[in-house]
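For reference, the structure discussed in these notes is given below.
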Amino acid sequence: MFLSSVQWYQLLFIFSPFVRSKKHYHGFLSIDNYDARGEPELSLQVGDTVHILETFEGECRVPASPASCFFVSTVMDITDIAHGKIDDDDKQYFIPFQQQLIMSPLMPSRVIGENEPLVAVFNKVIAAREVNHKGQGKSRPIGQKNVSLLLCFCLWGDVNDIYVTLLQGEFDRGKKKTPKNVEVIMSVLDEEGNPMEKAIFPGAGYEGITEYKSVIYYQVKQPCWNETVKVAIPIEDVCRCHLRLTFRHRSSQDCEDKSEKPFGMAFVRLMKSDGTTLPDGKHELIVYKVDVKKADDAKTYLTLPGSYAEVEEKERQTGKSFHHGGIIPITKDSFQIATLTCSTKLTQNVDLLGLLNWRSNTERLEEILQKLMEVEGGEIIKFLQDTLDALFNIMMETSEEETYDTLVFNALVFIISLIGDIKFQHFNPVLETYISKHFSATLAYQKLTKVLNYFVGHAEDPAHTERLYAALKAFKYLFHFIVQSRILYLSELSLFVLQGAILKYLPTIINDLQKVFDAVELSVQLAKFIESIPDFQMVRQKLGCLVKIVESNLFKQPDCRDVLLPLITDQLSGQLDDNSNKPDLEACVQLLSTVLDMLDCKDVGHYLACMTAILKQMEDAHYAQYISTFKTRQDIIDFLMETFIMFKNLMGNVFPPDWMILNLHQMKVFLRAIDQYSDVLNRYFLDSTHFHLQLWNNYFHLIVAFLTHKSLQLETFSLEKRNKILNKYGDMRKSIGFKLRDMWYNLGQQKMKFIPAMVGPILEATLVPEPELRKATIPIFFDMMQCEHHFSTNHNFQKFENELITKLDQEVEGGRGDEQYKILLEKTLLERCRRHRYLSQSGEALALLLSSLLENLLAYRTITHDESPELRMSCTVNVLVRSRPCELKHSCNLHLDCENYTEAAYTLLLHAELLEWSDKPCAPHLIPWDGTQGWTQQELKERLFQEIMCNLDKGKMWEKAIEMAKQLVKLHENQMFDFIELSQLLKQQAQYYENIMHAMRPQPEYFAVGYYGQGFPSFLRNKMFIYRGKEYEWLEDFSLKLMSQFPNAVKMTITSPPGDNICNSPGQHIQCFMVKPVLNLPSQFKDKELPEQILNYYRTNEVEKFQYSRPFRKGEKDPENEFATMWIERTTYITAYCFPGILKWFEVKSMSVEEISPLDNAIETMELANEKLSNLVQQQACDRSLPVHPLSMMLNGIVDPAVMGGFSNYEKAFFTEAYMKKNPDHLERIEVLKHLIALQIPLLDEGIRIHGEKSTEQLKPLHNRLVTCFQDLRAKVEKLYGVITLVSLTDSTLIEGSVRARQRGCSFWEEIRMSTISNASSGHSSGSSDGNPSRPASQESVSTASSSLIPRNKLPCFQHRTEGSFAAVQSSCGHGKVTDRFSFPCNYTFC
């Protein structure tokens, strides 16, 4: 064939007179380009595939496609169009249908062209064409050179085929001056070189051929064929077959020219050596010379590589370069083919293949089962039934050996876990279907239960822990297999099963029985068989059998339907009759649906195509004339209503989605029609007299449906496809969107009738990701706000706001919306609201609310499937709590799943705060999802309070539980008078008080976490949060859990805020360190004596301020004493909400930094040490049962500081003359530090005394050493810093004071302070060495002296502690003379 000989073309449209199946494809014909000689390249689009059509002497060779038959419709001469002689692309042609060609007059049920060669169809069509319509020329005789094009329908089924495409080649011209006219001949041979007869199918409807000959290109060096054929070989022969391709030069069209011998040969094996099928894709074949005899010997050339990919694989395996042996020379030519395997039995995975063919390699069975768990999930899912069959066959056929039971069990668990993965979770019904319908291993339950019991019995063995855990995760389907196996075992021989099997498998042989029996007689026998089964037995099986019969070829024959339909109607009526015992409605519906599908032959697509063609022909005058034919307005309303509904139903619901050209063409025609109908609405139905609400409503919904149609969403297509659509059709969304905007503004006062109903549809339109469309439609929201504000009695836009928030939630959850939309929505509304006289405040508030809600909704959508419960809870709280308070119960359940009882209680408290203590009925949105309807608000609130108290009790938050209990006590005592319930509440409240004072309550740690980098979600990005840890959760454990949530994140080693380079980087950086909460006592506790237990609660609860201290140095480091230059950078963080709350973490809203000098740091350190020592001494004095080891370690660390040096470091750093001269303003604070050191002595004295009383014989040596070291320390301190004694307290009064302190609920150190103040105030004085009495110091004078001694602003650490009155102590100088009385500030957080 030579393209240059083409003289004229004919266009042949082929449609189906009726749709035979839902599984069909339509083809589209187009002239895409012109080749180098000016000849057109004609293409056929079938589904998503575009084929270049080759012309050949009056016919067109179409690539192999699964078309079953052709139906001719009409013919048109397009010679001038193909040669470019007509420039008007928009010119329209009328092509009459030739009905006589579609249906056979002798056999109305048969279509001409079915099972006939394409040439025969062409001859019939063109010979019958005698039309001269609108100047079109008559058909030329078929003998002339022409090209015919075909369009086909495709019917797909289960196949095991290999599609081979001859792509292109490059052939050396050799000694010739011009390139060769290359013809490719393809055949399928076995390993002996014998051809496989009729294994190649050039197209659907063709019979198989042994050799396929390609199109010949005239003198083209690099011909591109793109010809596809199907190779169909029995599954058992694939392993020994290969494709052989020979190349020869054609100098004439004489097929018998023997001088044209092949000059080259290539081959490719259909199955690799490992048993896998030839991979899909392109293959560069090696072209061998055929001028030697060995080139025809398959046994010889099969020893050589067939493609360059095989050469590379051999080189990779051997590590050596490949050298051709020279048996058959290699040419300089190249040739490419592409293959695609469409098979349910052939796999390209070697490990899965090994399992499916396990019987041929039983010695490697253990390795095969282990390798299975490394196979990619998608491949296993593809062959799920075969894989499961193979596993259970292994288990059953090796039942005498227990070697493989565990391996099969593990493999089964792996497959079940794989299906449980979110990626394959939609295959759960497939697995359930397999278990219920295909699983047949009757004794599998014995093996499975045995292995499972073994794992359970060895649960403590670490080697089996992981396997047992995996088995428990898959326990649901494992148990399904076990139960189903047992059921099959028990019912294997029952008559019921046999009858069911007959009903199930009988329809599978109907098509074969038709070959030997008369179809009508066969139908009669089937009807008798079904009727012989009693009416109320095996109903589902009977109806299922009838479904299969209806789907068979038997039901397609009219005579057979006459027999079967009465049977079907009788069975259905018997089931659906009121007298039926237990009708199986599902099976009845399935049978009825199948019958209707088989009987319904209406071609909606045909009528839609006709309507689209008619509308395309209509001009503006035609529309106006047609509307004028209606006599009344009601007629126009009826017409427009029906048209709008029809357009909406037809868009995207008739043609398959991949028919892009036809769908876009239909949308283009509909767009023009809608534009015309818009003018009709404006002309007839816009004024208030004739305004029709439902008509306009249908119009707006049609526009939104058009605008959001998936075929118009260009963002989903590739760039090349998008550009083609834009060039040919433009962005139709913008056109219809602008029309929507204009029509809305035309409504005037009628707009209020569409609020809030049209808020949702307009929102859908604005969410379309097209910038210009969004800019045009978002202002409609502002117009709605103005309308409702102006026309509503309250002058607000509450309806609009509520509807917009609700619909926005739904749309974003459905996957629509993005960050750009959030920004544009906020910007547009803010600009317009701020310019409005009345909406400046309320409108701006709504714009900011919508922006915040959108941000939370987008974050929630992003993190919905995240495995981290903390992230999911955070997003849930941000979205559900703030936009959907009725779903607070959902957030509470998330907390309970993680055992966050305190946070669950606070979440329920938010719900309870929405209710009142009244008998008003609960609104529906306030009732939890598991609540009972009809509750009053008081009943629901009381129930929520009980649940809150229960969760607070579990979380050891008894102080908060007491608050809840007091409200219930007040309710039952003063309103409900339920004294029985009141007594229970009081007992419960008393138990809470008891728990506060005696129960063990670990204090949680708090952690600061910063998420830096653009790789985090927006609600985390470049933000810092404070986390409340769990009990006994340390920084290492918390960091490990945190990093596991973000495996790609980098943990930062610094605690200071990062720079912009990290914040703007695309990665993820996490900063994590511990922070200390700052005590914030309630006002009722200020300046009060509090027990340790109460203060411990407020140290870590009811807090929102946290501190982190980071040491750093200023100036040069002192090698002898590092404390002199040790500064502290103290960062204070304030969170958005108080801890504990509805989350375990809250964002940091503000942060401040201050610097603590070395001297102030030393004072703070000594204060903390004295406080800790005081608390420990108090505990040991009050409770003699406590172990003495903590006291031993603390005393030893103070009196004998072997490592850190104790307070001697402070002496070297701050008590030197050089430091005092250099820093004269520090003298007052140096005195404070000295007194803190001196104050430690009486505490140590009391601690050592208690230690001596509680020491055992083993601790006596340690105690003696403590006494010795303390004596030396005491002498030194008293000599340098004076003696501090606790006034009027003896050894006995210390114990009494500690007991009294416990009874009063204050600390031991506080009791000592109060006793000292009392004695000083009563006038007791201690004599001095010179006999002068000391003056009694009142508390007021002491406070005054203290305030003058130590200004509060110079001790920043003091402001974070409980401020009590000042303790009066006596100081004796080292000479034994009382020189002064001074006051010391009590800055301790005494308990």
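Treat the numbers as computed from the prediction; the structure is a model and nothing was measured.
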Checklist entry - Has the side chain of Asn951 got a donor or acceptor atom that lies under 3.5 Å from a matching backbone atom of Glu947? => result yes
Checklist entry - Within a strict 4.5 Å, meaning less than it, do heavy atoms of the Lys476 and His480 side chains meet? => result yes
Checklist outcome for this item: Given the options Met395, Met396, Lys447, Val408 meets side-chain contact (heavy atoms from CB on, under 4.5 Å) only with Met395
Checklist entry - Looking only at heavy atoms, what is the nearest atom pair of Lys542 and Ile530, with distance? => result CD-O, 4.1 Å
Checklist entry - Minimum heavy-atom separation for Ala527 to Leu567, with atom names? => result CA-CD2, 3.6 Å
Checklist entry - How many angstroms lie between atom CD1 of Ile415 and atom OG of Ser417, to the nearest 0.5 angstrom? => result 10.0 Å
Next on the checklist: Rounded at 0.5 Å granularity, tell me how far CE in Met271 sits from OG1 in Thr276.
Outcome noted: 7.5 Å
Next on the checklist: For the CZ atom on Arg467, are there more than 12 heavy atoms of other groups (residues, nucleotides or ligands in this structure) within a distance under 6.0 Å?
Outcome noted: no
Checklist entry - What is the ring orientation for Phe455 with His464, classed by angle as parallel under 30°, tilted 30 to 60°, or perpendicular over 60°? => result tilted
Next on the checklist: To the closest 0.5 Å, what do you measure between OG1 (Thr465) and NE2 (His458)?
Outcome noted: 12.0 Å
Checklist entry - What do the steps show when you test Arg540 against Glu586 for side chain to side chain contact (heavy atoms under 4.5 Å, CB included), and what is the final call? => result CA-CA 9 Å; Arg540 178 173 287 268; Glu586 181 181 354; 3.7 Å; yes
Checklist outcome for this item: Residues Thr387 and Ile380: closest non-hydrogen pair is OG1-O, 4.2 Å
Checklist entry - If you look at every heavy atom in Pro657 and Lys710, which pair is closest and at what distance? => result CG-NZ, 3.9 Å
Checklist entry - Given the rule in the side chain to side chain contact (heavy atoms under 4.5 Å, CB included) test, do Phe427 and Asp421 qualify, once you have shown the distances and angles that lead to the verdict? => result CA-CA 10 Å; Phe427 283 92; Asp421 190 342; over 6 Å; no
Checklist entry - Does the Ser485 side chain pair with the main chain of Ala444, one donor and one acceptor, at a distance under 3.5 Å? => result yes
Next on the checklist: My understanding is that only one of Leu243, Val238, Asp161 makes a side-chain contact (heavy atoms from CB on, under 4.5 Å) with Val231; could you say which?
Outcome noted: Leu243
Next on the checklist: Please check this pair: side chain of Asp570 against backbone of Pro566, looking for a donor-acceptor N/O pair closer than 3.5 Å.
Outcome noted: no
Checklist outcome for this item: So CD1 of Ile502 and CD of Gln541: to nearest 0.5 Å the spacing works out to 12.0 Å
Next on the checklist: So Leu564 and Val550, do their side chains get closer than 4.5 Å, heavy atoms only?
Outcome noted: no
Checklist entry - Any side-chain heavy atom of Val563 within less than 4.5 Å of one from Cys560? => result no
Item to check | Separation between CG of Leu452 and CZ of Phe409, rounded to the nearest 0.5 Å | outcome: 4.5 Å
Item to check | Polar side-chain atom of Thr277 near backbone of Leu270 as donor-acceptor pair, under 3.5 Å | outcome: no
Item to check | Enclosure of Phe529 CZ (heavy-atom neighbours >12, cutoff 6.0 Å) | outcome: yes
Checklist entry - Is Leu412 close to Leu388 at the side-chain level, that is, under 4.5 Å between some pair of heavy atoms? => result yes
Checklist entry - Does one side chain, of Glu521 or Gln525, offer a donor that lies under 3.5 Å from an acceptor on the other? => result yes
Checklist entry - Side-chain contact, heavy-atom cut-off 4.5 Å: Phe555 with Leu546? => result no
Item to check | Over 12 non-hydrogen atoms of neighbours within 6.0 angstrom of NZ in Lys198 | outcome: no
Next on the checklist: For Asn553 and Ile510: C-alpha separation, side-chain torsions, deciding distance, then whether side chain to side chain contact (heavy atoms under 4.5 Å, CB included) applies.
Outcome noted: CA-CA 8 Å; Asn553 295 330; Ile510 290 178; over 6 Å; no
Checklist entry - So, Glu899 and Lys954, do they make that salt bridge, N to O below 4.0 Å? => result no
Next on the checklist: Any non-hydrogen side-chain atom of Leu365 less than 4.5 Å from a side-chain atom of Leu407?
Outcome noted: no
Checklist entry - Does some side-chain heavy atom of Tyr454 sit less than 4.5 Å from a side-chain heavy atom of Thr406? => result no
Checklist entry - Heavy atoms, side chains only, cut-off 4.5 Å: are Val268 and Thr339 in contact? => result no
Item to check | N/O donor-acceptor pair under 3.5 Å between Asp190 side chain and Met196 backbone | outcome: no
Next on the checklist: I need the minimum non-hydrogen distance between Gln571 and Leu543, along with the two atoms involved.
Outcome noted: CB-CD2, 4.4 Å
Checklist entry - How long is the gap from CD1 on Ile419 to OH on Tyr477, to the nearest 0.5 Å? => result 7.5 Å
Checklist entry - Is the side chain of His283 donor-acceptor paired with the backbone N or O of Gly281 at a distance under 3.5 Å, no angle test? => result yes
Item to check | Donor + acceptor pair across side chains of Asp389, Tyr434 (<3.5 Å) | outcome: yes
Item to check | Side-chain donor/acceptor of Arg269 to backbone N/O of Cys241, under 3.5 Å | outcome: no
Next on the checklist: If I compare all heavy atoms of Ala471 with all of Leu478, which pair ends up nearest, and what's the gap?
Outcome noted: O-CD1, 3.6 Å
Item to check | Donor-acceptor pair between Tyr445 and Gln484 side chains, under 3.5 angstrom | outcome: no
Checklist entry - Can you check side chain to side chain contact (heavy atoms under 4.5 Å, CB included) on Lys1030 and Asn900, steps first, answer last? => result CA-CA 9 Å; Lys1030 294 181 178 292; Asn900 298 335; 2.6 Å; yes
